[in-house]
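To start, the structure under review is shown below, and the notes come after it.
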Amino acid sequence: MLDIKFIKDNYNIIKEAVKNKKENIDIDKLIELDDKRIQLSKDVDTMRSEKNILSRSIKELNKDSDAFIRNINESKGLGENIKDLETKLRDIKDEIRKLSLWVPNIPHRSVPVGSASSNIIVKEWGDKREFDFVPKNHMELIKNNHLVDFERGSKIAGSHFPCYIGLGARLERALINFMLDYHTIKHNYTEMFPPFLNSKETLTGTGQLPKLEDDMYYIEKDGLFLNPTAEPPVTNFHRNDIIDEEILPIYYTAYTACFRREAGSYGKETKGLKRVHQFNKVELVKFTLPDDSYEEQEKLLGDAEDILKALNIPYKVMLLSTGDMTFASSKTYDIEAYAPGSKEYLEVSSISNFEDFQARRMNIKFRSNQDNKVHYVHTINGSGLATPRTFITIIENYQQRDGSIKIPEVLKPYMGGMEIIECI
RNA sequence: GGAGGGAUGGCUGAGUGGUCGAAAGCGCGCGACUCGAAAUCGUGUUCAGGGCAACCUGACGAGGGUUCGACUCCCUCUCCCUCCGCCA
């Protein structure tokens, strides 16, 4: 959410942002409504002021005097008029609030304008492995080593709910633990284990609602949504807080299962682990001072990259263009890891700076040492990393001629010292 | 699920119908004292909307009601705490 004053003062910038992000929101209507709000508010204030004066005078008057009766009656009349206007004012405020939730964040000036084709590769790391045999894709490797049972997952919950089994389940758990340990020990993040269900308010705070309502699982009976990513619960941890400047920046990392309906995305990428309804992810979230957020975003990007470096998996980093980034973000990097079996790059992380966009929705502030006043913090988050696609790139990169899979050095301790996942 | 207690400023916590936006304390800002610091003393310090400003208006969990007037009385809801029941 952006400040309505800011929207008015930066009319052209906002119009541009809405267009570049391919959003559909009537800014002019919003401004018109706010002008109406101000006028109405002035009218109400004037009437209330009159009423207050009357009330105060009544206290001083003799109960039997004509003035007493007259003032009470006048005050009653005013009260009805005020109530009337207040209802109108309230409706307008509600409408403004609702509309405001659809105004996207403004892309940072370093972000390229355009659609996905305008994304920029900002970094490439690692050498693609040379195979002296034809590398298999993850589906074959999973099948050969019986790591995930897709059919039985479907039996339990429906298609695209994979069921990890045996060493596949072990590898998944190893990966999660490795990533959490890495971020807490080497990168100084505080671990959080949040609820997997989120209220409407929580999801509105981070910006998933209202826009992405159809992409989440909703439990009607309790009015709760299944967690689509750890970003909502972890960021809302500080909703309505005023944070001491001294303890900023705050770093959190959290493992959560993630649930997504992936409505409308069937057709492509539906085989195997690439796009599923339930998956695991380790998330990184930061709360920072406004001046530090872009530097902290670069650092967070590096923290996520470190996981792929430790696993020795080649990757590239993309700077997303205005049309490809999310609604709430002002700048987003994607990390894409290389899967040699299918010879493609898979998105394993998305790192976004939201500036004060989410903080404003969630009312998260800090007290500044400079002016002793409260200001909004900046929030940043990114996956560090999402497991299914990381799982894919691990098994495809570490596969051997006989179809077995070597275990990456850093994961061995988490696999009980095991060296290799053998074919069955 | 049942019974009871609570929600007030950055924090703790008074306030039970009329200058209460709110005592007191803590914290924080500024000043004095000091070579400097601590301690002490003085002083300031809620947020939001409107206005160039003086100032006006609103907000004591949220929404509604009673009243000329509500932090104070009534109703509904949310959240927290305690006890009982049930249960992985």
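Within every chain, numbering begins at 1; the chains are lettered A, B, ... in the order of the sequence lines, protein sequences first and strands thereafter.
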Base partner of [N], which must satisfy Watson-Crick or wobble distances under 3.5 Å:
| N | value |
| --- | --- |
| B:A59 | B:U46 |
| B:A37 | none |
| B:C86 | none |
| B:A70 | none |
| B:G4 | B:C81 |
| B:A14 | none |

Using the benzene-type ring in the case of Trp, are the ring centres of A:His187 and A:Tyr251 under 6.0 Å apart?
no
Is the distance between the ring centroids of A:Tyr376 and A:Phe366 under 6.0 Å?
no
Run the salt-bridge test on A:Lys51 and A:Glu74 with the 4.0 Å N-O cut-off and return the result as yes or no.
no
Hey, is A:Asp34 close enough to A:Arg37 for a salt bridge, meaning N to O under 4.0 Å?
yes
Using a cutoff of under 3.5 Å, can you pull out all pairs of nitrogen or oxygen atoms linking the protein to nucleotides 26-31 of chain B, with atom names and distances?
from: B:C28; atom 1: O2'; to: A:Asn372; atom 2: OD1; distance (Å): 3.2

Can you tell me if the side-chain N/O atoms of [X] get under 4.0 Å from OP1 or OP2 in [N]?
| X | N | result |
| --- | --- | --- |
| A:Lys76 | B:C68 | yes |
| A:Asn52 | B:C68 | no |
| A:Ser49 | B:U57 | yes |

Write down the distance separating the [atom1] atoms in [N] and [M], rounded off to the nearest Å.
| N | M | atom1 | result |
| --- | --- | --- | --- |
| B:C73 | B:G17 | P | 8 Å |
| B:G21 | B:G49 | C1' | 16 Å |
| B:G15 | B:G25 | C1' | 15 Å |
| B:U76 | B:A3 | P | 13 Å |
| B:C84 | B:A14 | C1' | 33 Å |
| B:G9 | B:G5 | C1' | 23 Å |
| B:G6 | B:G61 | C1' | 11 Å |
| B:G36 | B:U43 | P | 24 Å |

Indicate, with a heavy-atom threshold strictly under 4.0 Å, whether [X] touches base, sugar-phosphate, or nothing.
| X | value |
| --- | --- |
| A:Leu54 | nothing |
| A:Lys93 | nothing |
| A:Lys59 | base |
| A:Ser55 | base |

[X], nearest nucleotide to its side chain (from [options]):
| X | options | result |
| --- | --- | --- |
| A:Lys373 | B:C68, B:C47, B:G49 | B:C47 |
| A:Arg56 | B:U57, B:G10, B:C68 | B:U57 |
| A:Lys51 | B:G50, B:C68, B:U57 | B:C68 |

Rounded off to whole Å, could you give me the [atom1]-to-[atom2] distance for the [X] and [N] pair?
| X | N | atom1 | atom2 | value |
| --- | --- | --- | --- | --- |
| A:Ile92 | B:G50 | CD1 | P | 14 Å |
| A:Arg367 | B:U46 | CZ | C1' | 8 Å |
| A:Glu74 | B:G69 | CD | C1' | 15 Å |
| A:Arg239 | B:U78 | CZ | P | 16 Å |
| A:Arg48 | B:A48 | CZ | C1' | 13 Å |
| A:Glu50 | B:G69 | CD | P | 15 Å |
| A:Ile53 | B:G69 | CD1 | C1' | 14 Å |
| A:Leu85 | B:G58 | CG | P | 14 Å |

Keeping [X] on the side-chain end and [Y] on the backbone end, is there a donor-acceptor pair under 3.5 Å?
| X | Y | result |
| --- | --- | --- |
| A:Asn227 | A:Phe196 | no |
| A:Lys21 | A:Asn105 | yes |
| A:Asn353 | A:Glu296 | no |

Roughly how far apart are A:His378 NE2 and A:Tyr294 OH, rounded to 0.5 Å?
7.5 Å
Atom CG of A:Asn144 and atom CE of A:Met139: how far apart are they, to the nearest 0.5 Å?
11.0 Å
Go through the N and O atoms of the side chain of A:Asp45 and the base of B:G49, and report whether any donor-acceptor pair is under 3.5 Å.
yes
Looking at A:Glu245, I want to see if its CD is surrounded by more than 12 non-hydrogen atoms of other residues, nucleotides or ligands under 6.0 Å.
yes
When A:Phe68 and A:Ser41 are each assigned the nearest nucleotide of RNA chain B, the 5'-most assignment goes to A:Ser41
For the student: nearest non-hydrogen atoms of A:Thr206 and A:Gln358, plus distance
O-NE2, 3.0 Å
Determine all donor-acceptor pairs shorter than 3.5 Å in which one atom belongs to a side chain in residues 84-91 of chain A; sequence neighbours excluded.
from: A:Glu86; atom 1: OE2; to: A:Arg48; atom 2: NH1; distance (Å): 2.4
from: A:Thr87; atom 1: OG1; to: A:Lys83; atom 2: O; distance (Å): 2.9

Close N or O pairs between protein and nucleotides 59-66 of chain B (under 3.5 Å):
from: B:G63; atom 1: O3'; to: A:Arg90; atom 2: NH2; distance (Å): 2.8
from: B:G64; atom 1: OP1; to: A:Arg90; atom 2: NH1; distance (Å): 2.4
from: B:G64; atom 1: OP1; to: A:Arg90; atom 2: NH2; distance (Å): 3.0

